[in-house]
There are 2 protein chains.
Amino acid sequence: MTVSPPKPRDIPLNALRAFEAAARLGGFAAAGAELGVTPGAVTAHVKALEAELGVALFERQAKGVALTALGQRCLPQLVGAFDALAAAVQLLRAEAAPRVVHIATLPAIAQLWLSPRLPQLRLAAPEISISITAMEAPPNLKRAPFDLCLFYGHGQGSLAEDVIFPVCSPSVADRLHEVADLADVPCLSDATWAQDWQVWLGQAAPEASILPRGPVFSLYALAVEEAVNGAGVLMGHEALVARHLERGALVAPFGPRVTLPRGLRLWAARPVFRGSAVEVVQRWLSKV
Amino acid sequence: MTVSPPKPRDIPLNALRAFEAAARLGGFAAAGAELGVTPGAVTAHVKALEAELGVALFERQAKGVALTALGQRCLPQLVGAFDALAAAVQLLRAEAAPRVVHIATLPAIAQLWLSPRLPQLRLAAPEISISITAMEAPPNLKRAPFDLCLFYGHGQGSLAEDVIFPVCSPSVADRLHEVADLADVPCLSDATWAQDWQVWLGQAAPEASILPRGPVFSLYALAVEEAVNGAGVLMGHEALVARHLERGALVAPFGPRVTLPRGLRLWAARPVFRGSAVEVVQRWLSKV
DNA sequence: TTCTAGGGTTAGAAATCCTGAGGGTTGAGA
DNA sequence: TCTCAACCCTCAGGATTTCTAACCCTAGAA
């Protein structure tokens, strides 16, 4: 009968959000990444929440954490609530800035595919402004404030297949006549697409036992720049090097073009209303 | 095409909550009261949100604020989301402390009606602990963390009618023989029930033109205490003075008992599961 | 006019929140 | 078995957010 907690203090919203993210994503590190904070901050929030409730929500294990049964019972409601909240925020944003379209995409796509098209898009729809955010992986569309996503992947809305083949500057190309010559030049690669060379070699020259060597870049656009400057041979993704091929800054010294089982996809975060700015941009990008 | 806001920064949850409360309640002062902060804090939150969105959400008028059209369009979603969030929190609390029942009630009821019953309730259900929070008005049940509400009002779940009549200590009663004698003794009253004397006189002695005078208390329980000490005559609410009448500390010197058009009501914030602690307490309080 | 209710400011204090460094534990692969 | 890579924890600052308190301002009511 004791008046246990004299005042049922209300729970900090941020702690709730941290718990929800950690529970949904199955770890504090992942939750921190989604929320844009360090895992330590998530730890603190979860601990505060547990202290407030007087119950353990996670079982700490050496490798990762596991939701307690209690946490599992409450999670669905919490996820639903935060989804609804995120949706409300999206509505608020859309109402506040109806002519702004937020696009999430890979850094490489942003710089090499999207950016060159923006001037024309501006001419075609001058009243619309575009906001581009680069990230390594498609965001959680129920939460992140984006209207369109542009990534490589499977499924609907493919703008183009992902076709790869070696490219280099014309001067470097002069030294290359057959696939075996690749052993003699630096083979540039991108950290996130580290498999490119193996995949291409496996399809284009399965019998050749070449081990491509060369610098690894963390930004594909940088690797492209280096290739243009004659630093070596890069595995080119058609959509991303097309402009340089047209201009002659890069050439494809030889051979087989390998089509990867994925495409450049553009999709909307939410149903798109006819005539909305998002629809205009989506239609325009799909057409060009 | 400018990358207008370089980063679509995410909106502070607390600012959203402040806006939602202000919009729903129609004022910053009311929102501050609900959230337990000063109006100035609400002002700051709303302003931060407006700055973030780049839009006005309220039209400031000299007397109060009014939602803009944009605010009105977004409000329902936002209210729904926070309702869902509150529900999730309630679930979390209930799961974390299933044997704790939170009751919201008037200070007077807490002290004079509920508190005397608690020892017996403890005997009847020793595994349940009760948390009592006193407040002037029933809380918003979709938001506030309570399981049961106990207030005067209309509707279902009435435990008793609200019957009022003058009470005083036996020594004071000796000097009172008829209603007119009230003019000669202090008439205690409570600030929140300031009408009590007028209502009772209007029904009990409509022709008498007595203007009751005496100290006004902000806590009814204090007024009761004073009446017991012989400080004057108090308009007693039957449920709240019953114990003192039984013990003889207070007596009803005369007359008519007036039944107000309201009762002492007990209701649950949410559907109550059979066998739950809330159900046990609700049933027990309704019976006693 | 004066009073009252409701908002807007501001500075400074309080609480919250975050980072960054250091430490553990475990499982996988060399 | 050893090392590495993932995780998580703690802790102490310090940055940021949030709140209060006291002030001013306006419009309508008494």
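Computed from heavy atoms alone, side chains included, the values below leave out hydrogens, waters and symmetry copies. The shown structure was predicted, so the numbers you read here are calculated from the model rather than taken from an experiment. Order of the sequence lines sets the chain letters (A, B, ...), proteins ahead of strands, with each chain counted from 1.
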Just by distance, do the side chain of B:E50 and the backbone of B:L57 share a donor-acceptor pair under 3.5 Å? yes
Would you give a per-nucleotide map of nucleotides 18-30 of chain D, 5' to 3', where B means the base has a protein non-hydrogen atom under 4.0 Å away, S means only the sugar-phosphate does, and - means neither? SSB------S---
B:E59 CD to C:dG8 C1', in whole Å, measures 17 Å
For the pair made of CG in B:L67 and C1' in C:dG7, what is the distance, rounded to whole Å? 15 Å
For residues 129-139 of chain B, the salt bridge (charged side-chain N to carboxylate O under 4.0 Å, His left out) pairs (sequence neighbours left out) are none
Scan the side chains in residues 85-92 of chain B for donor-acceptor partners under 3.5 Å anywhere in the protein, sequence neighbours excluded, and list what turns up.
| from | atom 1 | to | atom 2 | distance (Å) |
| --- | --- | --- | --- | --- |
| B:Q90 | NE2 | B:A144 | O | 3.0 |

Nearest-0.5 Å distance, [atom1] of residue [X] to [atom2] of residue [Y]:
{"X": "A:L141", "Y": "A:R270", "atom1": "CG", "atom2": "CZ", "result": "7.5 Å"}
{"X": "B:L13", "Y": "A:F82", "atom1": "CG", "atom2": "CZ", "result": "6.0 Å"}
{"X": "B:D147", "Y": "B:W267", "atom1": "CG", "atom2": "CH2", "result": "13.5 Å"}

With sequence neighbours excluded, what pairs up with A:V179 under the side-chain contact (heavy atoms from CB on, under 4.5 Å) test? A:L182, A:W200, A:L201, A:A205, A:I210, A:F254
Specify the residues of residues 16-30 of chain A, ordered by number, for which at least one heavy atom lies under 4.0 angstrom from an atom of DNA chain D. A:G27, A:F28, A:A29
So the side-chain hydrogen bond (donor to acceptor under 3.5 Å, both in side chains) pairs with at least one residue in residues 16-39 of chain A (sequence neighbours excluded) are A:N14-A:R17, A:E20-A:R24, A:E20-A:R143, A:R24-A:E34
Looking at B:K47, does any N or O in its side chain come under 4.0 Å of the phosphate oxygens OP1/OP2 on C:dT9? yes
